[in-house]
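Hydrogens, waters and symmetry mates are skipped; everything else that's a heavy atom, side chains included, is used.
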Amino acid sequence: MGSFSYSFFRLKNTIFFRIFMILFLSSITHRMNLCSNLPLADPSLPNLGSSYVLSSLKTIHLDGHFNFDNIYHAANDFGNRHHYLPSAILHPKSVSDISSTIKHIFEMGPATELTIAARGHGHSVQGQAQAHRGVVVNMESLQAPKTIVHTGKMPYADVSGGELWINILHESLKHGLAPKSWTDYLHLTVGGTLSNAGISGQAFRHGPQINNVYQLEVVTGKGDIITCSETQNADLFYGVLGGLGQFGIITRARISLEPAPKMVKWIRVLYSEFSIFSKDQEHLISFKNSFDYIEGFVIINRTGLLNTWRSSFNPGEPLQASQFNSDGRTLYCLEMAKYFNPDETHIVNQVIESLLSELSYIPSTLFLSEVPYVDFLDRVHVSEIKLRAKGLWEVPHPWLNLLIPKSRIHDFAKEVFGNILRDTGNGPILIYPVNKSKWNNRTSLVTPQEDIFYLVAFLSSAVPSSTGTDGLEHILTQNERILDFCEGARLGMKQYLPHYSTQDKWQAHFGPKWEVFVKRKSTYDPLAILAPGQRIFQKATSFSWSRILA
């Protein structure tokens with residue numbers, strides 16, 4: 001690749017880019033718009049042809065490679081509703097591959113609509129990891145150093161941003177350690193969950209995953225590789241955590257660890273009254289020596305209940321429990337777990353008995369199982385395998401995740417579970433409270449303005465081609481009714497994994513954090529190259545930062 005023609009081509013490109021960037025950066029206005037899922041070119045700017053752009057990508061020196069042909073899978077995700085085809089997929093072997101690619105796109109300026117999106121395990125539900133006519137980075141191909149576990153008083157693991165949490169679990173367990181906070185599904189990448197929050201039943205105690213990170217390595221929208229933490233480049237550190245991929249691509253993370261247990265007491269009980277159910281949940285998250293994991297879910301108008309709600313749960317059940325019938329009532333399940341080691345069995349049984357004695361569940365519905373720690377954390381994967389075998393995994397998933405203030409959760413439950421929803425046959429509905437004191441307010445994540453708020457997750461699956469209540473259109477309409485109610489009743493709700501289509505709604509979502517969010521964007525990704533699938537900012541249009549901040 002050292003021929004005269006190649007060198008001349010590179011020289012000509014370099015001269016062109018430098019001249020263009022001088023002209024561009026001398027302009028007062030950083031051109032950017034908001035809230036669009038497809039990039040639009042500004043007619044006042046010169047536009048480089050798509051063939052030229054793609055050819056220029058081939059001139060980048062990489063340890064990995066680009067794929068320009070087999071790219072269709074990058075237009076799919078778990079939501080299976082949005083399909084935006086990229087122009088290329090980058091399969092990086094090093095962080096410098098990602099940096100070089102972003103720098104190349106940045107140097108092109110607004111003369112091309114080229115953007116870049118990081119794609120982990122493809123579990124987004126609204127096309128957030130897609131880049132229409134842009135470049136998708138396959139983060140799982142990043143061959144950074146493998147997970148390195150450091151033991152000591154404050155143990156941690158240095159991991160690649162493209163590593164799966166399930167692999168981090170297995171590696172850290174070799175040292176008797178494990179991360180503190182999880183998501184319910186572990187086959188997700190580190191960079192993906194840290195760009196959102198990472199929430200599960202441990203969040204009431206440890207906060208989300210973004211609260212359990214010591215350090216990050218980030219490639220910004222300028223292509224700069226920056227190490228950041230709460231004491232080093234702190235603005236970028238907190239901006240990236242929960243930042244929806246807007247300020248940089250996470251290529252490495254230092255994750256906090258704790259001693260790992262070997263076993264779990266896994267418990268479920270039922271309630272027929274929401275007020276008692278929520279009171280018990282709030283009681284359990286209020287003190288230190290409680291359970292290690294607390295979640296809940298809703299069961300509406302279901303019969304044959306016991307064969308459904310315990311599909312991934314195999315306890316020894318008492319006779320009265322096997323005879324329990326829901327009679328079509330709306331029921332609320334409280335799910336708890338207590339971690340322990342085999343030599344602590346007697347003590348942990350006493351603790352559980354004491355904790356359960358303080359609750360007011362339906363006595364005949366107590367189910368308790370004892371499982372290995374890994375099996376408990378990876379429980380959702382068991383369901384995935386079953387659904388894949390039946391061809392029911394790769395279907396539309398119109399999920400809706402909400403954060404509801406404690407003061408309005410009863411209003412929410414009355415309307416949504418009592419009127420809007422008629423059954424829960426389309427997927428589970430999770431509901432559980434967390435303590436805001438465990439969530440760092442300096443991150444980009446937005447939460448309700450109360451000390452306690454609930455995560456309510458409608459994890460629906462739609463039957464393809466169905467026009468009934470299990471069809472996509474019906475579920476989407478149902479979701480809109482829920483959102484309309486929250487807005488009309490002014491509940492103070494915030495979306496988790498947010499999705500909006502207008503500037504006003506994004507600004508309302510971020511509230512007081514909006515100005516900081518926009519300033520960080522102008523600092524770390526001034527051309528709005530990164531994460532176009534979030535539909536917050538759009539590359540190369542006529543809005544200036546001063547107008548956005550006005």
Is there a donor-acceptor contact under 3.5 Å from the side chain of Arg535 to the main chain of Gly533? yes

So, taking the atom named CD1 in Ile166 and the one named CG in Leu377, what distance separates them when rounded to the nearest 0.5 Å? 8.0 Å

Would you list the atom pairs, donor with acceptor, under 3.5 Å between side chains in residues 475-485 and any protein atom, with sequence neighbours excluded?
from   : atom 1 : to     : atom 2 : distance (Å)
Thr477 : OG1    : Glu473 : O      : 2.9
Asn479 : ND2    : Pro398 : O      : 3.0

Nearest-0.5 Å distance that lies between atom OG in Ser181 and atom CZ in Phe204: 10.5 Å

Do Ile294 and Glu335 come close enough that some side-chain heavy atom pair is under 4.5 Å? no

Measuring centre to centre across the rings, with the benzene-like ring taken for any Trp, is Phe237 within less than 6.0 Å of Tyr214? no

What are the two closest heavy atoms between Pro208 and Ala197, and how far apart are they? CB-O, 3.7 Å

Going by the angle between their ring planes, with limits at 30° and 60°, are His509 and Trp506 parallel, tilted or perpendicular? perpendicular

Scanning both residues in full, the closest heavy-atom pair of Gln130 with Ala117 reads O-CB, 3.8 Å

Hey, could you give me the CG/CG distance between Asp184 and Leu459, rounded to the nearest 0.5 Å? 8.5 Å

Kindly say whether Leu244 contributes a backbone atom to a donor-acceptor pair with the side chain of Ser195 at under 3.5 angstrom? no

How about Tyr332 and Phe277: are their ring centres within less than 6.0 Å of each other? yes

Please give me the minimum heavy-atom distance between Thr447 and Lys494, naming the atom from each residue. C-CG, 3.9 Å

Hey, what do you get for CG (Asn341) to CD1 (Ile347), rounding to the nearest 0.5 Å? 11.0 Å

Does any part of the side chain of Val95, heavy atoms only, come nearer than 4.5 Å to the side chain of Val219, both counted from C-beta? yes

Just wondering, do Leu359 and Leu284 contact through their side chains at under 4.5 Å, heavy atoms? yes

Of all residues at least two apart in sequence or in a different chain, which pass the side chain to side chain contact (heavy atoms under 4.5 Å, CB included) check with Ser124? Asp77, Gln128, Ala129

Determine yes or no for a side-chain-to-main-chain donor-acceptor pair under 3.5 angstrom, with Glu344 supplying the side chain and Asn349 the backbone. no

Within this structure, what is the CD-NZ distance for the pair Glu273 and Lys279, rounded to the nearest 0.5 Å? 13.0 Å

Looking only at atom types and distance, does a side-chain atom of Asn435 sit under 3.5 Å from a main-chain N or O of Ile285, one as donor and one as acceptor? yes

Are Val351 and Phe340 close enough that some pair of their side-chain heavy atoms sits under 4.5 Å apart? no

Provide the closest heavy-atom pair for Asn233 versus Thr227 in the form atom of the first, atom of the second, distance. ND2-O, 2.8 Å

For Tyr339, is there any backbone N or O sitting under 3.5 Å from a side-chain donor or acceptor partner on Lys262? no

pair Pro179-Leu257: side-chain heavy atoms closer than 4.5 Å: yes

If we only count heavy atoms from C-beta on, is the Leu445 to Leu241 side-chain gap below 4.5 Å? no

Parallel, tilted or perpendicular: which one describes the rings of Phe458 and Phe417, with boundaries at 30° and 60°? tilted

Look only at the side chain of Asp378 and the backbone of Val374, and say whether a donor-acceptor pair between them is shorter than 3.5 Å. no

Please tell me whether Phe78 and Trp393 form a close aromatic pair, meaning their ring centres lie under 6.0 Å apart. yes

Looking only at atom types and distance, does a side-chain atom of Asp292 sit under 3.5 Å from a main-chain N or O of Lys338, one as donor and one as acceptor? no

What about Trp439 and Phe453, are their ring centers closer than 6.0 Å? yes

Check the pair Phe376, Tyr293 against ring-ring contact (aromatic ring centres under 6.0 Å, His included), reporting the backbone distance first and the verdict last. CA-CA 11 Å; Phe376 172 73; Tyr293 161 98; 5.0 Å; yes

Sub-4.5 Å side-chain heavy-atom contact between Pro498 and Tyr500: yes

Ring pair (Phe, Tyr, Trp, His ring centres under 6.0 Å) partners for Tyr432, two or more places apart: none

Report the residues that fulfil salt bridge (charged side-chain N to carboxylate O under 4.0 Å, His left out) with Lys265, sequence neighbours left out, ordered by chain and then residue number. Glu370

Check ring pair (Phe, Tyr, Trp, His ring centres under 6.0 Å) between His150 and all other residues, then give those that pass, not counting sequence neighbours. Tyr156

Kindly compute the distance separating CE (Met336) from CG (Leu368), expressed to the nearest 0.5 Å. 8.5 Å

Got a donor-acceptor contact below 3.5 angstrom from the Thr189 side chain to the Leu164 backbone? no

For Lys222, is there an ion pair with Asp525 - N to carboxylate O distance below 4.0 angstrom? no

Nearest atoms (heavy-atom pairs only) where Lys436 meets Pro448: NZ-O, 2.8 Å

Could you tell me which non-hydrogen atom of Phe510 sits nearest to which non-hydrogen atom of Ser444, and how far apart they are? CE2-O, 3.9 Å

Hey, are Arg254 and Asp158 close enough for a salt bridge, meaning a charged N less than 4.0 Å from a carboxylate O? yes

Any side-chain heavy atom of Met139 sitting closer than 4.5 Å to one from Ile98? yes

Can you list, pair by pair, the side-chain donor-acceptor contacts under 3.5 Å of residues 402-410, counting residues two or more places apart and other chains?
from   : atom 1 : to     : atom 2 : distance (Å)
Ser407 : OG     : Glu450 : OE1    : 3.4
Ser407 : OG     : Glu450 : OE2    : 2.4
Arg408 : NE     : Asp411 : OD2    : 2.8
Arg408 : NH1    : Ala489 : O      : 3.4
Arg408 : NH1    : Arg490 : O      : 3.2
Arg408 : NH2    : Asp411 : OD2    : 3.4
Arg408 : NH2    : Ala489 : O      : 3.3

